[in-house]
Amino acid sequence: MTFQSIIDEIDNNLKKILEGFSISNLNFSVEVAKPGFGDVSSNISFLLAKELKKSPKDIAQILSEKYSQCTSTLVLKSEAHPSGYLNFFADWTKLSELILSESYLDTYGDVDIGNNSNIIVEHTSVNPNKALHIGHIRNIVVGDIVSRILSKANYKVNVLNYIDDSGLQVADIIVGFKHLGFSEEPPNGKKFDHYCGDDVYVKTTQKYELDSTLEDVRKNTLKELEDGDSETAAFGDVITRKVLASQLETCWNLNVAYDCLNFESQIIRSGLWTKIFEKLKEMNLIEFENDGKNVGCWVIRGDGKEEDKVIVRSNGTATYIAKDIPYAAWKLGLLADPFYYQKYDSLQPNSKILWQTTLNDIDTVPQNFTAQKVVTVIDSRQERLQKIITTLMEKFNSIPNSYIHLGYESVTLSSETAKTLGLDTDGKQAQMSGRKGLYVSADSVCELLKQKIIEETKKRHPEMNDDEIEKIAQSVSIGTLRYEMIKQDLDKIITFDLAKSLSLEGDTAPYIQYAYARASRILEKSGDTPTINVDFSLLQEKSELELIKIVGLFNLQVRDAANNFSPKVISRYCHDLAVAFNSFYEHVKVLESDNDDLKSSRICLVNSFNLTLEKALGLLGIDAPHRM
RNA sequence: GGACACGUGGCUCAGCUUGGAUAGAGCAAGCGCUUGCGGAGUGCUAGGUCGUCGGUUCAAAUCCGAUCGUGCCCGCCA
């Protein structure tokens, strides 16, 4: 058990005391105390004040006296604070033993929210016509971390990546290759996704403005692309898969893995749309317009003041949002699965098998990637469309909250960084644009960070060989980037500044990783194998108890993060752990103690910290390096 | 015009879901800490009418309403 044990003990005892007053259903809190107010606090006296017609202070006094008669195993004493709070002090010898012992288990921090049920997390879903930029990284990292947290919370998680390989953006690069003379081979060995995005896509888009006859070429290309049997479609398939392969390299480099790739072109050809269209008509969720501005279209009625949304155009073709409806329904298992599954050609770095959908039953293995709960990570600019999908899904399966749109604010460029890309924004931040070529690519940021960290590491370890430095720089650079993408709340815009992103001090991943490296060196130098067979009563320093307390909060934090799909909760927890350790490190010497028993107890604590931090960082997809 | 989100020290953020004690961090600024388990660290100082107004409450950064500012969405584009 963890810190939760003492909270539970107090909660139970207080409930018993309330029974004595014949009071039930009082929703009082029992929570970790603020520093300086004991270990656990309750607001119970405030809630009783009206009923008992006494001041909170007096009630706290009475409760404190009553509490001293309760059976306590982990509570040393309770205290009525003049403010009215009821504060509790832990018997740290017992609590330390509980927390530290449990922290040595592999399952430490596990909570059961999912009850081993299936859940889908969809993220990334970047158009396969360009390289990933810094804005996509936020999506990818948020999705990846949410999936890791949900696994820890006892969900069976499948991660999907939706490949939109049939839209206008794809038609655009095909126009570039087929009609504007762009070579299929990138110059100077440039990565294929960068070549398509920086050169083919941007320049093709520019030419549309100069040559209006290209608009017809573009439309025809799109039409051919959507006809699955055409040569253009086959060519498009080759190109988008090459881009996808390049993009996946970037994702894998970020410590991200998937379970299945879903291709939009296959969803279109599978006939899922026809089925869902019929269902929508049957359930009267869409209506045919006989007059008005949307005459001849099938629409979803707007909610309240919102405009109606066209689902099928007057020419009979489906709109962008329409394509998302069958996909959402498929994810929730509301439609018979039309797909077969085969392994993707390349292996993922974590050696997890990556599947992909196919419509041909050759070399396939049955798989099930549906779930009763689906989390879709998409930019909050798509909130309106996602809300329509959410509402439809609820009407289909009558299960509330089964389709969850996890939105997040966008990443913009600082005016300084925009300027380095040739855009003067007059001091304002700038929205990125793939079409205009205004973006900072994920690969370039990773590389820049890595080079800086290689330098920093060399300074500190002149003797270290290049392989080891490279490995450390990889861990620290990816950690830094991932941490920056999730340390603030999802509803905050991230203004990305190239220069500031290279900072490695303060509230950053390197700060946290550094605490881990320090602890690792202590353990290494001690020469002992850490054990939990130690005298816990010897750990009495304030900084020791504070560290134990925070280690003991791990599962509470995982629960919070999982319930709220909030990666930030874990990043803050990692930071708290590191701060507590650094304070411990400053105040207490582990290896220099004359007392061998005390030394063993402290080594036990240092190892407990390391094990817990490693697991917590693992939830963030950040490595814990022994040296850096 | 309508919808949504955000507004907390000079800057970037936490705390708000579940109202209570002393509003916490980091960066930037200033002054310190190395005969010491790694200074990517650490101690201290300074800096806040929690956008504004009103309401609910014994109690509001937190809940409710209004208002101002900022961002974003509102296509038979994707």
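Chain A is the first sequence line, chain B the second, and so forth, proteins listed ahead of strands; every chain is numbered from 1.
- Counting distance only, with no hydrogens placed and no angle test, the side-chain atoms of Arg460(A) and the base atoms of A40(B) include a donor-acceptor pair under 3.5 Å.
- A donor-acceptor contact under 3.5 angstrom links the side-chain atoms of Ser314(A) to the base of C76(B).
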Expected rows: protein N/O vs nucleotides 26-35 of chain B N/O, under 3.5 Å:
from: G26(B); atom 1: O2'; to: Asp507(A); atom 2: N; distance (Å): 3.4

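- Under 3.5 Å, the side chain of Ser41(A) and the base of A21(B) form at least one donor-acceptor pair of N or O atoms.
- The listed nucleotides are C73(B), A78(B), G71(B); the one nearest the side chain of Arg313(A) is A78(B).
- Salt-bridge check for Glu468(A) with Lys471(A): failed, with every basic side-chain N at 4.0 Å or more from each acidic carboxylate O.
- If you check C72(B), G24(B), A78(B) against the side chain of Arg572(A), the one that comes closest is G24(B).
- Residue ring and base: Tyr514(A) does not count as stacked with G41(B) (centre distance below 5.5 Å and interplanar angle below 30° not both satisfied).
- With 3.5 Å as the limit, one finds a donor-acceptor pair spanning the side chains of Tyr511(A) and Asn582(A).
- With contacts defined as side-chain heavy-atom distances shorter than 4.5 Å, the pair Ser125(A)/Ile378(A) does not qualify.
- In this structure, Tyr408(A) does not reach the A5(B) phosphate: none of its side-chain N or O atoms is under 4.0 Å from OP1 or OP2.
- Side-chain N/O atoms of His81(A) and base N/O atoms of G20(B) include no donor-acceptor pair closer than 3.5 Å.
- Pairing analysis of RNA chain B (Watson-Crick: purine N1 to pyrimidine N3 plus N6-O4 or O6-N4; G-U wobble: N1-O2 and O6-N3; both under 3.5 Å) yields stems of 3 or more pairs at B:4-7 with B:68-71, B:10-13 with B:24-27, B:29-33 with B:41-45, B:51-55 with B:63-67.
- Between Ala473(A) and Ile454(A) the shortest heavy-atom distance is CB-CG1, 3.4 Å.
- A donor-acceptor pair is defined here as one N or O able to donate and one able to accept, closer than 3.5 Å; such a pair exists between the side chain of Arg138(A) and the backbone of Glu409(A).
- For A78(B), the base has no donor-acceptor partner in the side chain of Asn127(A) [N/O atoms by modelled type, under 3.5 angstrom].
- Between Lys323(A) and C77(B), a side-chain N or O to OP1/OP2 separation shorter than 4.0 Å is absent.
- Residue Asn43(A) places no side-chain N or O under 4.0 Å from the OP1 or OP2 atom of G20(B).
- In this structure, of C6(B), C74(B), A21(B), it is C74(B) that holds the atom nearest to the side chain of Glu307(A).
- Nearest to the side-chain atoms of Tyr85(A) among the listed nucleotides G20(B), G39(B), G15(B) stands G20(B).
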